[in-house]
Amino acid sequence: MDNKKFSITKNRRLYNGLLLVIFTAILFFITIHKLETNKFNLKIGDIATTNIRATKDLEDIYTTEKLKIDAMNKVEPRYRISPSVQMTMKNTIKDFLDTTRDIKAQESISINKKAHLLNEKQELGLSSKEIYIALRMDYKSLNNFENNLMDLINQVMGNGIKETELEYEKENLVKTFESLDMKDEEKQLGLLLMNATIKANEFLDKSETDRRKEEEAKKIETVILKENEIIASQGTTIGERELELIRESGLLKEDNKIPIGVIIGTVMLISLGMSIIVGYIYLFNNEILYNNRLLILLIIILSSIIICKEMYLISPYIMPVATAALLISMLIEPKLGLLVNMFLSFFLGFILRLDASTITMYMISGGIAALIAIKQEQRYNILLNGFIVGAINLLALTSFKLAKGVGGIDSVTTAGYSFLNGIIAAILTLGSLPVWENAFSVLTTLKLLELSNPNQPLLKKLLLEAPGTYHHSILVGNLSEAAAESISANPLLARVASYYHDIGKTIRPYYFAENQFGMENPHNKLQPMQSTTIITSHTIDGMALGKEKKLPKEIIDIIEEHHGNTAVAYFYYKAKELDKDIDISIDAFRYKGRKPQTKEAAIVMLADSSEAAVRSMKDLTKEKIEDMVRKVVQGKLKDEQLDECNVTLKEIEIIIHSFVNVLTGIYHDRIEYPNVEEKSEA
């Protein structure tokens with residue numbers, strides 16, 4: 001037996017290991033395929049066929065540089081006035097006038113000779129006429145003339161003259177001289193001297209201009225293209241900027257090879273995520289590893305990913321991620337549902353490049369979905385859960401965006417999809433739940449509640465054909481439920497299994513004492529062995545009926561195990577009395593079922609025997625009930641019926657007290673009621 005168990009365990013480990021490897025490989029290929037299909041084969045000049053969005057925050061270098069250039073171009077060039085130009089201009093005119101005075105002072109030579117000498121020494125390009133004008137001016141006039149010219153130079157050159165403004169200033173000098181209080185000849189000479197010496201004295205200050213441009217450029221902050229912002233809109237031409245940003249986003253398909261880094265990173269990411277789920281199962285609920293619930297878990301995860309990928313094409317807000325949390329909570333356990341929801345939120349966020357607000361929405365709504373799915377009393381409640389999940393989606397999305405300071409939900413469409421998300425998740429859960437229950441024989445709370453309905457065919461059959469057994473089963477259900485609650489077993493399973501544990505008695509109802517109302521006991525006409533065969537066959541008949549009506553395996557197991565391999569002592573001793581000379585083995589009078597394998601099966605066994613034993617007693621008191629229950633329980637322990645289940649002695653003591661409390665309440669009423677009636681009649 002031990003070798004067989006070891007072989008089954010070893011095979012189960014190999015099966016689970018292979019299952020996890022296959023599942024991880026499928027996730028890997030889904031991830032790689034999605035990441036690669038998200039890439040674009042583009043070059044400069046191509047047209048974007050769809051909106052291309054940034055996968056992360058990117059530095060938009062091209063836009064930043066353009067803004068810097070624009071800022072630098074707006075800087076006005078800086079100029080500086082060169083004082084040396086003005087000084088040179090003054091010195092040149094002054095030298096000419098001083099030379100004129102010196103020559104003019106030579107009285108021994110003629111005016112013509114003076115003109116000849118002055119002409120030789122001047123380099124201003126004056127004609128003979130202008131030279132004669134200068135020589136004919138007296139000293140006072142020359143001094144006044146010089147002063148006027150110096151003032152004019154200060155006035156004209158003081159504000160600075162750029163090279164481009166020189167011709168304009170020369171033209172302007174004509175008007176200026178016309179307005180001066182000077183003789184016409186002096187104006188003519190002055191204008192010629194000014195035009196001959198005037199030069200641009202305001203020049204571009206390149207170093208200062210460059211410094212100011214750098215200052216303005218530094219004021220421009222680096223442009224950041226936020227995650228999920230559009231790099232290139234549909235229909236626009238791909239330029240150098242767009243191509244570089246697409247490359248930095250990891251969206252540019254530059255060759256047909258998958259980078260080794262992407263492969264390694266993807267494998268590690270999936271392995272780390274799965275290790276959390278598998279680690280939790282191994283440490284806190286390793287029973288999943290020894291039944292088909294691991295397969296259910298992996299199929300739900302995989303199906304959710306595939307469905308969400310397709311729904312993403314409509315909107316990232318409509319993916320029914322909460323479906324997995326709802327199903328796993330109802331089919332396996334809520335804590336695992338929470339964990340899987342976190343895994344799916346991050347995984348889908350990675351392969352679909354969801355933004356932080358969307359991932360947060362799915363984590364919160366899926367987590368709440370796992371919690372509210374713990375207790376479901378009607379299937380339509382799942383739809384109500386869908387409305388709750390939809391409302392949580394709206395609340396989570398709005399609160400996240402408000403906290404980030406970007407306002408609430410930005411469109412009615414987004415809000416509608418977010419709410420519809422919960423409804424779709426509920427519909428998928430409600431529609432697929434019977435498939436999971438039937439295809440994988442999973443017993444859920446909803447299934448148990450449905451089976452507890454008195455209108456179920458087997459229960460109706462039991463009520464009509466074996467009413468005494470039906471009443472007994474209801475009482476056993478009450479006992480079992482109370483006891484299961486007291487030791488943290490599954491009270492609903494214990495109660496519902498109690499309702500069905502004796503359905504095999506409907507095959508021959510009148511061979512069981514509780515159904516013999518005012519009739520002769522048919523066992524009086526049978527041999528003890530025949531009676532034993534009929535009595536013990538009700539577990540086998542019950543299993544057959546259960547399988548025929550497709551009862552869950554857990555209930556069929558309890559039908560088989562609720563008598564274990566106990567002996568039908570009454571007929572055993574009756575057989576010994578009839579044939580005292582024959583050595584009769586008690587094993588021939590035993591049930592052919594397994595011993596209880598679970599706490600619930602053990603509770604039903606003890607409740608069944610305790611209720612039957614107490615019902616047969618008279619003049620019941622609490623003490624007598626407790627003594628009888630203890631005798632029943634001790635008998636089962638002595639017969640080693642509880643050796644294969646994980647019920648402890650401490651839990652057995654709790655079960656006894658629970659039985660006594662319930663039985664005292666039931667049979668106390670039955671004892672007191674006639675007394676009350678008699679007193680009323682008196």
Leu475 side, atom CG; Tyr470 side, atom OH - distance, nearest 0.5 Å | 11.0 Å
Which atom of Asp502 lies closest to which atom of His538, heavy atoms considered = OD1-NE2, 3.1 Å
Distance in Å, Lys599 NZ paired with Ser480 OG, rounded so as to fall on 0.5 Å steps | 15.0 Å
Which is it for Leu446 and Ile382 under the side chain to side chain contact (heavy atoms under 4.5 Å, CB included) test, yes or no, and what are the steps along the way?
-> CA-CA 10 Å; Leu446 290 172; Ile382 297 174; 3.8 Å; yes
Taking all heavy atoms of Pro320 and all of Ile307, pick out the closest pair and write down the distance.
-> CG-CG2, 3.9 Å
Compute the centroid of each ring, for His501 and then for His472, and state whether the two points are separated by less than 6.0 Å.
-> yes
Does the side chain of Met274 come within less than 4.5 Å of Phe343's, by heavy atoms?
-> yes
Within a strict 4.5 Å, meaning less than it, do heavy atoms of the Leu642 and Cys645 side chains meet?
-> yes
Taking the inter-plane angle between the rings of Phe440 and Trp436 on a 0 to 90° scale, is it parallel (under 30°), tilted (30 to 60°) or perpendicular (over 60°)?
-> parallel
Can you tell me how far CD1 of Ile296 sits from OG of Ser303, rounded to the nearest 0.5 angstrom?
-> 11.5 Å
Around Tyr510, counting heavy atoms of other residues, nucleotides and ligands shown, do more than 12 lie under 6.0 Å from its OH?
-> no
Verify the neighbour count for atom NZ of Lys622: are there more than 12 heavy atoms of other residues, nucleotides or ligands below 6.0 Å?
-> no
Side-chain contact, heavy-atom cut-off 4.5 Å: Leu14 with Leu18?
-> no
Pair Ile314-Tyr417, side chain to side chain contact (heavy atoms under 4.5 Å, CB included): steps then yes or no = CA-CA 9 Å; Ile314 301 173; Tyr417 280 141; 3.7 Å; yes
Using a strict cut-off of less than 4.0 Å between a Lys/Arg side-chain nitrogen and an Asp/Glu carboxylate oxygen, indicate whether Lys505 and Asp541 qualify as a salt bridge.
-> no
Between CG on residue Asn341 and OH on residue Tyr362, distance to nearest 0.5 Å = 11.0 Å
Minimum heavy-atom separation for Val632 to Ala613, with atom names?
-> CG2-CB, 3.8 Å
With rounding to the nearest 0.5 Å, note down the distance linking CG in Asn292 to NZ in Lys553.
-> 10.0 Å
Which one of Thr358, Asn421, Asn393 satisfies the side chain to side chain contact (heavy atoms under 4.5 Å, CB included) criterion with Tyr317?
-> Thr358
Is it true that Glu560 and Arg594 make a salt bridge, defined as a side-chain N closer than 4.0 Å to a carboxylate O?
-> yes
Heavy-atom side-chain contact between Gln456 and Tyr499 under 4.5 Å | no
How about Leu272: does its CG atom have over 12 heavy atoms from other parts shown lying under 6.0 Å from it?
-> yes
Grab the two heavy atoms, one from Leu336 and one from Ile277, that are nearest each other, plus how far apart they are.
-> CD1-CG2, 4.2 Å
Find out whether Ile368 and Val389 are in side-chain contact, i.e. whether some heavy atom of one side chain is under 4.5 Å from a heavy atom of the other.
-> no
Does Leu451 reach the side chain of Pro552, with side-chain heavy atoms less than 4.5 Å apart?
-> yes
With side chain to side chain contact (heavy atoms under 4.5 Å, CB included) as the test, would you mind laying out the steps for Leu269 and Phe347 before giving the verdict?
-> CA-CA 9 Å; Leu269 189 65; Phe347 182 78; 5.9 Å; no
Does a sphere of radius 6.0 Å around CZ in Phe346 hold more than 12 heavy atoms from other residues, nucleotides or ligands, not counting ones at 6.0 Å or beyond?
-> no
Assess whether side chain to side chain contact (heavy atoms under 4.5 Å, CB included) is satisfied between Leu327 and Ser432, documenting all intermediate values.
-> CA-CA 9 Å; Leu327 284 173; Ser432 65; 3.7 Å; yes
State whether the number of non-hydrogen atoms from other residues, nucleotides or ligands found under 6.0 Å of Glu287 atom CD is greater than 12.
-> no
Does the side chain of His563 come within less than 4.5 Å of Gln641's, by heavy atoms?
-> no
Rounded to the nearest 0.5 angstrom, the CD1-CD1 distance for Ile318 and Ile423 is 11.0 Å
Heavy-atom pair with the smallest gap, counting every atom of Ser418 and Leu394 = CB-CD2, 4.1 Å
Between Ala396 and Met361 the two heavy atoms that sit nearest each other are CB-CA, 4.0 Å
Find out whether Arg495 and Ser452 are in side-chain contact, i.e. whether some heavy atom of one side chain is under 4.5 Å from a heavy atom of the other.
-> yes
